[in-house]
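Start at 1 and go down the list; that is how both ligands and their atoms are numbered. Since this is a predicted model, take the numbers as computed values, not measurements.
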Amino acid sequence: MSSPPWWQRGTVYQVYPRSFADGDGDGVGDLRGLRTHLDHLSALHVQAVWLSPVFPSPMADFGYDVADYCDVDPLFGTLDELDGLIADCHGRGIRVLLDWVPNHSSDRHPWFLASRSSRADPRRDWYVWRDGAPDGGPPNDWRSEFAAVGPAWTHDEATGQWYLHSYTPQQPDLNWENPDVEAAMYDVVRFWFDRGVDGLRVDALQRLGKDPLLRANAGSDRRHDQDWEPVAHERLRRIRRVADEYPDRVLVGEVYLLDQRRVVDYLAGGDQLHMAHNFVFLHLPWDAAAFRRVVEEFEDLAEPDAWPAWFLGNHDHSRIATRYDDGRGSGPARARAAALLLTALRGTPFLYQGDELGLPDAEIPPDRVVDVDGRDPERAPLPWRPPSVAGPGAGFTTGTPWLPLVRDAEELCAERQAADPASTLSLVRRLGALRAGSETLQSGDQRFLDAGPDVLAWLRTGGSGRLLAAVNLASGPRGLQLRGLPDAEASVLLSTDPAAGAPGRVSLSELVLRPDEAVLLQLAGTAQDS
Ligand code: NOJ
């Protein structure tokens with residue numbers, strides 16, 4: 001087997017910089033803090049780190065409102081520090097992805113300030129301006145992605161027209177129909193690739209293609225405000241051509257569409273995305289048949305060379321340990337099983353900071369709410385050290401954290417978990433090491449097996465290994481009832497259940513999985529590659 005490209009080999013770890021580590025005591029995470037914790041990333045064996053936006057921003061959407069695409073916000077540090085971080089990461093064999101936000105800028109970006117200054121300004125057409133409807137309301141029925149915002153249009157008194165914003169009014173949509181906008185955004189891509197950045201996560205990619213006629217959504221069987229063909233794909237192909245001016249770079253799209261047919265379209269032809277975040281997967285219930293159906297559907301729909309990117313958490317969604325909790329405390333076990341699931345599926349696993357600690361959502365009292373769309377709980381700062389030792393900032397900050405930390409920081413913090421071989425952190429580190437050393441996991445074939453109700457089981461073959469992964473999604477024990485695989489001896493490489501004891505040899509027909517336990521087995525007669 002030939003060695004896969006770097007972005008297929010192992011985990012991409014998402015850092016939400018505001019909440020990772022604070023190096024200057026102002027309560028907000030920054031690049032200095034991040035640079036002091038790179039050992040944490042190395043110990044997880046991650047291939048790459050993706051940083052949510054660190055660019056100058058008024059922070060109306062915590063960095064997803066960019067006021068300068070080619071600099072670093074002083075809250076996070078300086079461009080020099082970002083260069084230093086990239087060099088540090090590269091020195092450890094870790095690639096760096098930045099978050100590129102092409103659909104919209106901040107309303108404080110000089111481009112928008114010029115655009116809104118007058119109808120005659122040369123940059124007027126860099127954003128989407130329209131007259132209101134005859135009844136005096138917004139130009140059409142498009143709504144903001146954020147329910148609390150309402151219409152996707154804001155009236156601007158100064159020039160008497162409305163501007164489009166798919167998110168908050170502080171995030172006006174750029175007009176990608178204008179070739180000058182496209183060219184300016186390509187320059188941003190080149191700016192970062194010239195600095196040695198290895199890839200970009202493309203924010204809200206589905207929004208780059210809109211009906212140029214701005215027709216209403218109502219009464220139509222398709223959305224006009226996103227995923228508009230063919231412009232969405234033509235635009236993406238041109239972006240890919242810019243990325244391909246550089247060797248070995250990668251584009252990961254946030255393609256927030258809940259239909260896999262539409263998602264795989266953005267991976268087609270080998271000239272669009274390298275990977276697409278798949279939100280169909282993220283929205284699945286804790287159900288074996290549902291996971292199998294979605295993975296198999298992806299494999300059926302996508303071209304053979306299309307590469308999956310599996311993830312179950314990011315800064316916009318309730319955390320795995322909370323979302324999958326059945327109300328009886330199953331969340332932590334399910335978060336551990338989810339980590340194995342992501343590591344052992346064919347595709348690149350994406351891991352959101354804190355999921356390696358099995359963090360739940362934090363409780364946010366009403367007077368501490370800061371996000372317009374209810375996403376504060378999953379953005380709580382990481383607890384690094386026990387508050388009993390490091391103070392209430394739990395090693396995240398010496399100041400007042402911008403959001404409250406999780407309640408169990410004492411037990412869940414990284415320092416405690418690193419010292420405990422049975423912890424979630426220790427498990428996720430072992431998973432990272434296994435993936436890093438296994439050609440079979442990185443690029444082997446994949447086949448699901450019928451394993452009885454509630455059990456998701458799949459084979460990975462290739463390289464010098466034959467691995468079987470199994471996840472019990474039931475709240476009771478389940479034996480493996482494998483069809484299509486003769487009974488065999490297997491070695492348990494790893495179990496997600498802290499009570500499982502030392503790995504050892506088992507006969508497949510006798511293996512009983514505990515509730516929410518996942519295992520990775522090496523089938524007899526094959527050697528796990530180094
Ligand atoms: C997706 C980002 O992940 C989210 O945090 C942000 O609010 C929107 N895009 C708008 O940029």
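Checked against salt bridge (Lys or Arg N to Asp or Glu O under 4.0 Å), R215 has the following partners two or more places apart in sequence or in another chain: D211. Shown here are the side-chain hydrogen bond (donor to acceptor under 3.5 Å, both in side chains) partners of H283, two or more places apart in sequence or in another chain: Y256. Listed by chain and residue number, nothing satisfies the salt bridge (Lys or Arg N to Asp or Glu O under 4.0 Å) test with D408 (two or more places apart in sequence, or in another chain).
Note: F279 and F311 have perpendicular aromatic rings, judged against thresholds of 30 and 60 degrees for the angle between ring planes. Taking the six-membered ring where the residue is Trp, W192 and F55 present tilted rings, their angle falling between 30° and 60°.
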Per-pair distances, ligand 1 N/O vs protein N/O, less than 3.5 Å:
from, atom 1, to, atom 2, distance (Å)
ligand 1, 3 (O), R201, NH2, 3.1
ligand 1, 3 (O), H315, NE2, 2.8
ligand 1, 3 (O), D316, OD2, 2.5
ligand 1, 5 (O), H315, NE2, 2.9
ligand 1, 5 (O), D316, OD1, 2.8
ligand 1, 5 (O), D316, OD2, 3.4
ligand 1, 5 (O), R375, NH1, 3.3
ligand 1, 7 (O), D61, OD1, 3.4
ligand 1, 7 (O), D61, OD2, 2.5
ligand 1, 7 (O), R375, NH1, 3.0
ligand 1, 9 (N), D203, OD1, 2.8
ligand 1, 9 (N), D203, OD2, 3.2
ligand 1, 11 (O), H104, NE2, 2.9
ligand 1, 11 (O), D203, OD2, 2.7

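The existence of a salt bridge linking D121 and R116 is excluded, since no basic side-chain nitrogen approaches an acidic carboxylate oxygen closer than 4.0 Å.
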